[in-house]
Amino acid sequence: MAVYKAAGELAELAKQRAADLLEASVDDLEVADGRVGVRGTDTGVSLADLAAREQLKVETVFDSGAASFPFGAHVAVVEVDVESGKAVVDRIVTVDDAGPVLNPLLAEGQRHGGIAQGIAQALFEEVVYDEDGNPLTATFADYGFPSAAELPSFTLVDMETPTPLNPLGAKGIGEAGTIGATPAVQSAVVDAVSHLGVRHIDMPATPLRVWTAIQAATEGAK
Amino acid sequence: MIPVGFEYARPDSVDAALALLAEHGEDAVVLAGGHSLLPVMKLRLAAPELVIDIGKLAELQYVRVEGEEIAIGAGTRHRTLEASEVLAAECPLLAAVAHSVGDPQVRHRGTLGGSLAHADPASDLPAGVLALGGTVVLRSPRGERRVPVTEFYTGVFSTVKEPDELVVEVRVPRTGTAGWAYEKFTRRASTGPSSRWPWSTAGSGSSTWGRPRCGPGRPRPRSRAAPRSRRPRRSPTGTPSPPRTSRGPRSTVATSPGCSPGGR
Amino acid sequence: MTSTVKVQITVNGQPTSADVEPRLLLAHYVRDVVGIKATNIGCDTTSCGACTVLLDGESVKSCTVLAVQADQQEVTTMEGLSPSPDELHPVAAAFRQEHGLQCGFCTPGMVMATVSLLAENPHPTEREVRENLEGNLCRCTGYHNIVRAVLAAAEAQGGDS
């Protein structure tokens, strides 16, 4: 946002300098293609030439005054094998509203990566220590890092609600996937076995934890 | 991670390899695909003085029908088993088990003999060969002996193989079109200690060749976090049977046509 | 000090030769002896696949192969795939087209694993792609665009295989 604001101020400064040089009214000037020109004519000067005469420089600070709120919703369809406790994510549909997006390709990539990490936190990833404090998950041979085989493709739904707090209306996207996917998947796992009396499973919902929770719930029911 | 330094020999025949083994005994290790050995050497859990590389010995790489059995060279790679037309027709269970090992890169390197000799209870092929009631052929300068795979394992990571012996062949019965099922609960080792299911199991649909089996060693939790109270289900014969699933994780279940996961 | 062993390995079509310690890993041979650096070393525990190269056309994790094991064989790395930056190998081109990477660390391994997969199975399903990339870990993409890229590469290669 500060870059956007500074760029605007820099364009204004360039127009003022060019107005003096070209003996034109600032209002008749436009900045385009690296030049400041008089609208409707060939008359103009390049930004490089302007900067060569005197450094074109502005300093600015942008303060939104308040925090913007990216928001979204994640829905997960999870299948749980009640006899082994293994949960598999069949489908995940996500809406992440980051406001107007400048580069959809990169924004989608952020969402994909975040969703995968979110699912992984719910189902696989955990740093484990033994009783003496030695890490048991010190390498990828032991740490539960998901591969492509453990994940589905993701369904992304676009929604753009601009924030009034900045001129571009932009919010944020970086962490969106991790925030929504984890509770969606974890809640789906618990929901899938809730008919057996399970109300809670600690994350990550590994086969052992799911199986243990089912055993505890069904033994209690007897 | 770098292994401790060692001497390297690449004999050009099984006999030459056996002579080296006889000479160096427990100071030597045999390297085939290296996907069990090299990781432990890199972690410096093993530091052999001599590594005898049999990975390029063509005489240990074959899959062929011999009478009522299929003879498989110990140096045959998992990928070869997976794609073998002989196995597809004569023993599809073993091809499916080979396909479920690790990932493609591992299957391109790992060998049947290496996997069996390593005796890791979490690995696939020992369970598969156990279920089939196969035979391990061991050779040394003293001669050759055939050990039923049910007598090959003495525990986790341990076998009856003597230091001067080499696994040269694995023999499995021709099961033809008989039903079979193979199921495991973790495809990769890296799903964390607390989520590692203790068994990998395989079963042949007919009792002609064997019963549902677990891998080497007694079936037991592989980590402290595994369930202690869980007891293996017992079949009427008293043999631990695989945990059944209503619907196993799709990618981890392989069955013959008409044979549902868990043998139901 | 252990003795060295002379190896001759063809790397990306070029014959290379060196006296190496037997414990030298193929990944280090490629990076440090030959001096080409596309092949990354990630986990060093045969888990992540960043070091995947082709050995006689098949994908292997070069952190778990000794250079001496590759003696008299052919190694292909990411550098050996594309004739030039303007003329990318179909798999590399598909990864770019589908944005199948973010930080790029896993990419050489992913691409080499894909080349091997498509050589064995020219028309994989999405499920087959996912299962065959099981040995290659990526933290950035969630694999979504990587899977798209592999499917796109398979389509681009058409019936050539």
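Quick note on labels: first sequence line is chain A, next is B, and so on, each numbered from 1.
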Original post:
Is the side chain of B/Lys42 donor-acceptor paired with the backbone N or O of C/Asp44 at a distance under 3.5 Å, no angle test?
Top reply: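 Flag set: sc B/Lys42 to bb C/Asp44 pair under 3.5 Å.
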Original post:
Donor-acceptor pair, B/Arg109 side chain versus C/Thr64 backbone, under 3.5 Å?
Top reply: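 No.
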Checking [X] against chain C: side chain, backbone, both or neither under 4.5 Å from a heavy atom?
X       : result
B/Val4  : backbone
B/Leu43 : neither
B/Ala32 : backbone

Which bit of [X] is near chain B, if near means a heavy-atom gap under 4.5 Å: side chain, backbone, both or neither?
X       : value
C/Gln73 : side chain
C/Leu66 : both
C/Val60 : both

**OP:** Decide yes or no on side-chain hydrogen bond (donor to acceptor under 3.5 Å, both in side chains) for C/Ser59 and B/His108, but give the supporting numbers first.
**Re:** CA-CA 7 Å; C/Ser59 59; B/His108 287 143; 3.1 Å; yes
Original post:
Looking at B/Asp103 and C/Lys61, does any basic side-chain N land under 4.0 Å from a carboxylate oxygen?
Top reply: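 Result for this pair is yes, salt bridge flagged.
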Original post:
With a 4.0 Å cut-off, would you call C/Glu120 and B/Arg79 a salt bridge?
Top reply: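 Yes, C/Glu120 and B/Arg79 are salt-bridged.
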Original post:
Near B/Glu26 CD, under 6.0 Å, is it more than 12 heavy atoms from other residues, nucleotides or ligands?
Top reply: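 For B/Glu26, atom CD is not crowded (no more than 12 foreign heavy atoms under 6.0 Å).
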Original post:
Under 6.0 Å from the CZ atom of C/Arg96, do we count more than 12 heavy atoms belonging to anything else shown?
Top reply: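 Atom CZ in C/Arg96 is not crowded, with 12 or fewer foreign heavy atoms closer than 6.0 Å.
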Subject >> Best-contacting candidate, C/Asn132, C/Val5, C/Val68, against chain B by heavy atom pairs under 4.5 angstrom >> reply: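 The answer is C/Val68.
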Original post:
For chain C, which of B/Ile2, B/Val106, B/Leu37 has the most heavy-atom pairs under 4.5 Å?
Top reply: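 Of the candidates given, the most pairs with chain C belong to B/Ile2.
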Original post:
Under 4.5 Å between any side-chain heavy atoms of B/Glu7 and C/Ser3, yes or no?
Top reply: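 They are in contact (side-chain heavy atoms under 4.5 Å apart), so the answer is yes.
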Original post:
Looking only at heavy atoms, which two atoms of B/Pro104 and C/Glu131 are closest? And how far apart?
Top reply: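 Looks like CD-O, 4.4 Å.
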**OP:** Could you tell me which non-hydrogen atom of C/Gln69 sits nearest to which non-hydrogen atom of B/Asp53, and how far apart they are?
**Re:**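 For C/Gln69 versus B/Asp53, the nearest heavy atoms are CG-OD2, 3.7 Å.
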Nearest 0.5 angstrom please: [X] [atom1] to [Y] [atom2], how far?
X       : Y       : atom1 : atom2 : result
B/Lys56 : C/Asp71 : NZ    : CG    : 6.0 Å
C/Glu21 : B/Phe6  : CD    : CZ    : 9.0 Å
C/Thr46 : B/Leu38 : OG1   : CG    : 8.0 Å

